[in-house]
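Have a look at the structure below, then the notes.
Along the sequence shown, residues are numbered consecutively beginning with 1. Worth saying up front: this structure is predicted, and the values here are computed from it rather than measured.
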Amino acid sequence: MASSILDQNLTGPSAAPRPDDRIRPLDLAHLFQQTMGNRALEIEILDMFCKQLTSSVAAFGKADAIERKRLAHALKGTGRSVGAFPLADIAERLEKSPFDRTLVTNLNEMSVRTCDFAASVNR
């Protein structure tokens, strides 16, 4: 995922903080527990998650409020299940404020960080 999605229909600034670069985007211990230590399964799950994340973020820019809430809800759930807690937290906030510019920017940034981190772990 190389570029951010910026939607022209977004409104108002947010008090939402930028994602903290010091926090790992994935909790690998959580993922290990979820997969019972099956490394091949971890790789497969992270690959599927990043594909979902990429397509969801791309769809987010063109979506109406209802679709944005649905996408955010799905990202919140899958993010938490794989251990992408920072991303899931942003998605949870977007579920409540789907047109918040700062949150959309944060989602874009965290999705790139998460998938880059997943790719580095999967090497």
Side-chain angles (χ1 to χ4, degrees):
M1 236 171 127
S3 64
S4 295
I5 304 295
L6 293 178
D7 186 348
Q8 308 302 352
N9 298 325
L10 299 175
T11 59
S14 170
R18 291 180 51 90
D20 188 340
D21 288 337
R22 296 168 297 177
I23 297 173
R24 271 190 171 178
L26 285 168
D27 181 338
L28 297 177
H30 176 82
L31 182 61
F32 181 86
Q33 184 178 20
Q34 293 294 91
T35 61
M36 296 177 282
N38 183 327
R39 183 71 180 119
L41 184 57
E42 286 179 14
I43 291 169
E44 183 179 353
I45 285 172
L46 288 177
D47 184 54
M48 289 184 336
F49 176 67
C50 284
K51 286 177 183 173
Q52 178 206 12
L53 184 54
T54 301
S55 67
S56 294
V57 169
F60 205 85
K62 299 173 186 147
D64 62 14
I66 292 170
E67 181 65 5
R68 282 177 177 225
K69 288 179 182 182
R70 188 194 69 73
L71 289 166
H73 182 77
L75 289 175
K76 176 180 72 173
T78 56
R80 287 186 178 148
S81 69
V82 301
F85 298 116
L87 186 127
D89 292 344
I90 294 166
E92 181 176 29
R93 293 181 74 183
L94 265 171
E95 203 175 0
K96 297 171 186 154
S97 300
F99 288 98
D100 184 303
R101 287 179 192 264
T102 301
L103 290 173
V104 171
T105 298
N106 290 352
L107 178 69
N108 285 311
E109 291 172 1
M110 187 54 70
S111 66
V112 170
R113 282 189 57 219
T114 301
C115 289
D116 285 351
F117 186 80
S120 73
V121 169
N122 282 348
R123 287 187 197 140

Would you give the length of the straight line joining atom [atom1] of [X] to atom [atom2] of [Y], rounded to the nearest 0.5 angstrom?
| X | Y | atom1 | atom2 | answer |
| --- | --- | --- | --- | --- |
| Ile45 | Asn38 | CD1 | CG | 8.5 Å |
| Leu41 | Phe32 | CG | CZ | 11.5 Å |
| Leu46 | Asn122 | CG | CG | 5.0 Å |

Begin from the C-alpha positions of Leu28 and Val121 and carry the test side-chain contact (heavy atoms from CB on, under 4.5 Å) through to its verdict. CA-CA 9 Å; Leu28 297 177; Val121 169; 4.1 Å; yes
Where is the tightest heavy-atom contact between Ala88 and Arg80, given as atom of each residue plus distance? CB-CG, 3.4 Å
Looking at every heavy atom in both Lys69 and Glu95, which two are closest together, and how far apart are they? CG-O, 3.4 Å
Let's go through Leu75 and Leu94 carefully: what are the C-alpha distance in whole Å and the side-chain angles of both, what is the deciding distance for side-chain contact (heavy atoms from CB on, under 4.5 Å) to 0.1 Å, and is it a yes or a no? CA-CA 10 Å; Leu75 289 175; Leu94 265 171; over 6 Å; no
Would you call Arg93 and Asp89 a salt bridge, using N to O less than 4.0 angstrom? no
Are Thr54 and Ser111 close enough that some pair of their side-chain heavy atoms sits under 4.5 Å apart? no
Is there a path of hydrophobic side-chain contacts, each under 4.5 Å between heavy atoms of I, L, V, M, F, W or Y residues, that connects [X] with [Y]?
| X | Y | result |
| --- | --- | --- |
| Val57 | Phe85 | no |
| Ile43 | Leu53 | no |
| Met48 | Leu31 | no |

Assess whether atom CD of Gln33 is packed by more than 12 heavy atoms of other residues, nucleotides or ligands within 6.0 Å. no
